[in-house]
Amino acid sequence: EVQLVESGGGLVQPGGFLRLSCVSSRSISSFSMAWFRQSPGKEREGIAFISHAGRNTHYDAAVKGRFTISQDNGKNTMFLQMDKLKPEDTAMYYCAAVEYYINIQAARARHFDYWGQGTQVTVSS
């Protein structure tokens, strides 16, 4: 089993920034990975995806141009750089992984086998 642990969440003002990290217990070199977020009463939504080896990325329109997904294979870590944060970005953020190739442009939560416990991001003045 793969263990994923997120960190980096917190309280930030609108227009601010945060960098989330997701550390895997095993190598992520061959993984497809993603960041999801969920607000109370809403479905979990995928916002950023990265293919194995980090060759390709895909973003939901709501965060495109503001968020950047990346990974460091040597550290078994995936990152989400969040800039120009908005109140509507407030949510619990989760990292997810699946140990095989998937089409990240068509990926949904059901495609991912491993999940972290989440890190809370709150954007408020």
Side-chain angles (χ1 to χ4, degrees):
E1 184 177 346
V2 177
Q3 305 293 324
L4 303 175
V5 180
E6 306 98 331
S7 63
L11 175 64
V12 65
Q13 294 183 335
F17 59 90
L18 286 171
R19 191 191 194 203
L20 306 184
S21 299
C22 173
V23 180
S24 171
S25 62
R26 295 205 277 114
S27 173
I28 63 172
S29 297
S30 64
F31 288 7
S32 298
M33 301 187 73
W35 286 97
F36 286 75
R37 66 185 183 186
Q38 187 169 25
S39 299
K42 296 184 178 180
E43 294 183 350
R44 189 168 298 186
E45 60 176 344
I47 57 170
F49 304 83
I50 188 165
S51 66
H52 76 288
R55 187 173 183 85
N56 301 111
T57 59
H58 177 68
Y59 300 91
D60 182 79
V63 306
K64 194 176 301 180
R66 298 188 298 119
F67 291 10
T68 303
I69 188 171
S70 62
Q71 64 185 58
D72 185 334
N73 290 330
K75 296 181 179 180
N76 292 343
T77 302
M78 177 180 66
F79 304 97
L80 184 67
Q81 179 67 45
M82 306 187 296
D83 298 318
K84 300 179 180 179
L85 285 161
K86 304 175 180 180
E88 49 263 49
D89 294 320
T90 296
M92 185 72 75
Y93 283 70
Y94 301 89
C95 63
V98 59
E99 203 169 356
Y100 53 83
Y101 170 84
I102 60 170
N103 182 353
I104 60 173
Q105 296 193 71
R108 301 292 184 269
R110 65 179 185 273
H111 296 127
F112 294 88
D113 296 324
Y114 311 114
W115 294 85
Q117 294 299 304
T119 185
Q120 179 68 39
V121 172
T122 302
V123 184
S124 177
S125 59

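The figures here come from the full heavy-atom set of this structure, side chains too, leaving out hydrogens, waters and symmetry mates.
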Considering residues, nucleotides and ligands other than Gln117, do more than 12 of their heavy atoms fall under 6.0 Å from its CD?
-> no

Taking Glu6 for its side chain and Cys22 for its backbone only, find out whether a donor-acceptor pair lies under 3.5 Å.
-> no

Counting only heavy atoms not in Glu43, do more than 12 sit closer than 6.0 Å to its CD atom?
-> no

Would you say Ile69 and Met33 make side-chain contact, with heavy atoms under 4.5 Å?
-> no

Arg26 side-chain N/O to Val2 backbone N/O, donor-acceptor pair under 3.5 Å = no

Drop me the distance from Glu45's CD to Gln38's CD, to the nearest 0.5 angstrom.
-> 9.0 Å

Answer whether the closest heavy-atom distance between the side chains of Phe49 and Asp60 falls below 4.5 Å.
-> no

So how far is it from Arg55 CZ to Ile104 CD1, rounded to the nearest 0.5 Å?
-> 12.0 Å

Arg66 side chain reached by Asp89 side chain, heavy atoms, under 4.5 Å = yes

Common cluster, Val12/Trp35, ILVMFWY with side-chain heavy-atom separation under 4.5 Å = yes

Over all atoms of both residues, closest heavy-atom pair of Gly9 and Thr119 = N-OG1, 3.1 Å

What distance separates Ile50 CD1 from Ser32 OG, expressed to the nearest 0.5 Å?
-> 9.5 Å

Whether Ser39 side chain and Thr90 backbone form a donor-acceptor pair below 3.5 Å | yes

Flag the pair His52 / Phe31 as yes when at least one side-chain heavy-atom distance between them is below 4.5 Å, and no otherwise.
-> no

Hydrophobic cluster identity match, Tyr114 and Tyr94, side-chain contacts under 4.5 Å = no

Can you tell me how far the CD1 atom of Ile47 sits from the NE2 atom of His58, to the nearest 0.5 Å?
-> 11.5 Å

For the hydrophobic clusters of this structure (ILVMFWY residues joined by side-chain heavy atoms under 4.5 Å, transitively), does one cluster hold both Val63 and Leu20?
-> yes

How is the hydrophobic cluster of Tyr101 composed, in terms of its other members, when Ile, Leu, Val, Met, Phe, Trp and Tyr link through side-chain heavy atoms under 4.5 Å apart, directly or indirectly?
-> none

Sidechain-backbone polar pair: Ser29 side chain, Ser27 backbone, donor-acceptor under 3.5 Å = no

Path from Leu18 to Phe36 over hydrophobic side-chain contacts below 4.5 Å = no

Look at the aromatic rings of Tyr93 and Phe67 and report parallel, tilted or perpendicular, splitting at 30° and 60°.
-> tilted

Leu80, Leu4: one ILVMFWY side-chain cluster at the under-4.5 Å cut-off?
-> yes

Here the gap from Thr68 atom OG1 to Met82 atom CE, rounded to the nearest 0.5 Å, amounts to 11.0 Å

Between CD of Gln71 and OG of Ser21, what distance do you get to the nearest 0.5 Å?
-> 13.0 Å

Quick one: does Trp115's side chain get under 4.5 Å of Arg44's, heavy atoms only?
-> yes

